[in-house]
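Here the structure comes first, spelled out in structure tokens, and everything after it is commentary.
Just follow the structure's listing: the first ligand is 1, and inside any ligand the first atom is 1.
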Amino acid sequence: MMMNKCDDSDDNNNYNNSSIRQSQEKLNQAAERLSSRLASIQQEKVVVIQSFPCQTNDETEAYRCKCSFQILQQQHPVNEEYRCHYAIREEQRPVIIDTFPIANRRIQTVMRQFRDDILNTSASNQDNFSFISPSLTSCTLSTSWKHDMDCILTLHYNQPIEVNEWKRQARQLCSILQLRQVNGRSKGLWVSATPSAQQHLSDDGKDPHGSYNTLRDTVYMIRIRRQSIHCNDTNEITSWEVTLNNNSNDNDANTTTNSRTSTTGTTIIPVLYEKSETAFFHPNPNAMTKALQWMLQRLQYIQQVPQQQQAPSKTMSLLELYCGCGAHTVALARTGLVQRIVAVELDVRLVQACQHNVALNGVQDIVTVLSCDAGQYSKNSGSKKQPTSDVGSSMDATSYDILLVDPPKQGLDMAVCDMALQQQEEKTLQHILYISCGHQALLRDLQRLSPQYQVVDCCQLDLFPGTYSIETLVHLQRK
Ligand SMILES: C[S@@+](CC[C@H](N)C(=O)[O-])C[C@H]1O[C@@H](n2cnc3c(N)ncnc32)[C@H](O)[C@@H]1O
């Protein structure tokens, strides 16, 4: 568990510095362990494991953009008033918490205001929210990656909601807490309210444009080109950075997909996202943007460095399995480094979100999103069968240059590894970019792939600071 933040500023600084140091030490130790495991998996090549350490206090302490809490009512022992508390489950039991320091600043503020100003308020104010608090059992708070953008509060009840009154009060709640939307869920019923009475939301939370409880974001990819002179040869070196901060003075910069190139040759490419609050999205924006930056660097390397069978700047195609809402898909499609992407996802809500994000960024000509199981897709591709009816425009899996995988903790389906290994004769698939949040599964998969692939680059980042979780990014290349 994370420690509570201390209020004294000197101690606070010490603690903050030490939390960054702890994060760095955690990565150093993980790199040592992984190095020795890799050495036993592949004897041929030694790779240096880099790390992307956390650099700011918010990255180590206040990073989570999705949190769920139980809501408990307790009677005060002295004045006998009932007070609401947040609780998290530890060893099957609810543990009351006053604060949740790993939640981002916006969630921490809304948590405090909702509990103190709405749920535990004076009798007069209680009347204003009399339909909000009774039978409330838990809540979920979600924000955009850039947490000053959107925040959605979802309230779960164990009794039916009185819909009209609840909506009226929830709308007021939206205004006071500056939320994009408040949802109420009770026994299969889903009601939603937004600050504006005019904006119609149907009772299943869908807005008139069809986007479902969406949190909006803009991620900026920065391509930096510079000349390097070595032994009278001039080469152009391209590097990439990824950030959530729009440093321009342009107010429209976070709603447009237009790229901007400066006189020095630096290009800023905005990527727009709308992520469903109800389905998976990366809960740590720092880890998500760092991983994306690493992917761009690797694609740049793949495109520039001549391979045995591959000339530089060749048109590249990419198969992405476990694509989620398209967090990587749309960004990669906008780099100009890949000309064709097929993205596969099992959860239909995420398939829809990914398709929506593809359209939002105008990359429909580059990306095809498929709704199917990654293992099944790989099996069918291996046997040259197309997996589902909506794959008309997709290619056979044997014809991609790069495979990008970001599986759940359990790692790759065996059929995915088989598909990557089966391509030995055609030797088309050259590279695998593997994003892993499950360490044991990653080691198992690297072992399975080791007869034909070797690790050429590896990087680790602190997935959930204050816990043991690490994200490992691995670039495998065909031997
Ligand atoms: C770790 S998440 C990564 C998602 C995405 N890359 C992102 O960053 O948002 C893993 C994703 O794999 C999907 N998934 C899980 N099992 C799958 C399967 N058998 N076939 C396809 N997708 C699957 C999940 O729905 C989830 O979206």
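Counting non-hydrogen atoms of neighbouring residues, nucleotides and ligands closer than 6.0 angstrom, the CZ atom of Arg89 exceeds 12 such neighbours.
Side-chain atoms of Glu320 and Thr329 form a donor-acceptor pair, as typed in the model, at a separation below 3.5 Å.
Between Leu412 and Pro407, the shortest heavy-atom contact is CD2-CG, 3.8 Å. The minimum heavy-atom distance between Met111 and Tyr86, with the atom names listed, is O-OH, 2.7 Å.
When each of Leu299, Leu296, Ile222, Leu292 is tested with Trp240 by the rule side chain to side chain contact (heavy atoms under 4.5 Å, CB included), just one qualifies, namely Leu296.
A distance below 6.0 Å separates the ring centres of Phe69 and Phe100.
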Show me the short polar-atom pairs for ligand 1: any N or O of it lying under 3.5 Å from a protein N or O, with distances only.
{"unit_1": "ligand 1", "atom_1": "6 (N)", "unit_2": "Tyr322", "atom_2": "O", "d": "3.3"}
{"unit_1": "ligand 1", "atom_1": "6 (N)", "unit_2": "Asp406", "atom_2": "OD2", "d": "2.8"}
{"unit_1": "ligand 1", "atom_1": "8 (O)", "unit_2": "Asp406", "atom_2": "OD2", "d": "3.4"}
{"unit_1": "ligand 1", "atom_1": "19 (N)", "unit_2": "Asp373", "atom_2": "OD1", "d": "2.8"}
{"unit_1": "ligand 1", "atom_1": "20 (N)", "unit_2": "Ala374", "atom_2": "N", "d": "2.8"}
{"unit_1": "ligand 1", "atom_1": "22 (N)", "unit_2": "Leu346", "atom_2": "N", "d": "3.3"}
{"unit_1": "ligand 1", "atom_1": "25 (O)", "unit_2": "Glu345", "atom_2": "OE2", "d": "2.6"}
{"unit_1": "ligand 1", "atom_1": "27 (O)", "unit_2": "Glu345", "atom_2": "OE1", "d": "2.9"}
{"unit_1": "ligand 1", "atom_1": "27 (O)", "unit_2": "Glu345", "atom_2": "OE2", "d": "3.4"}

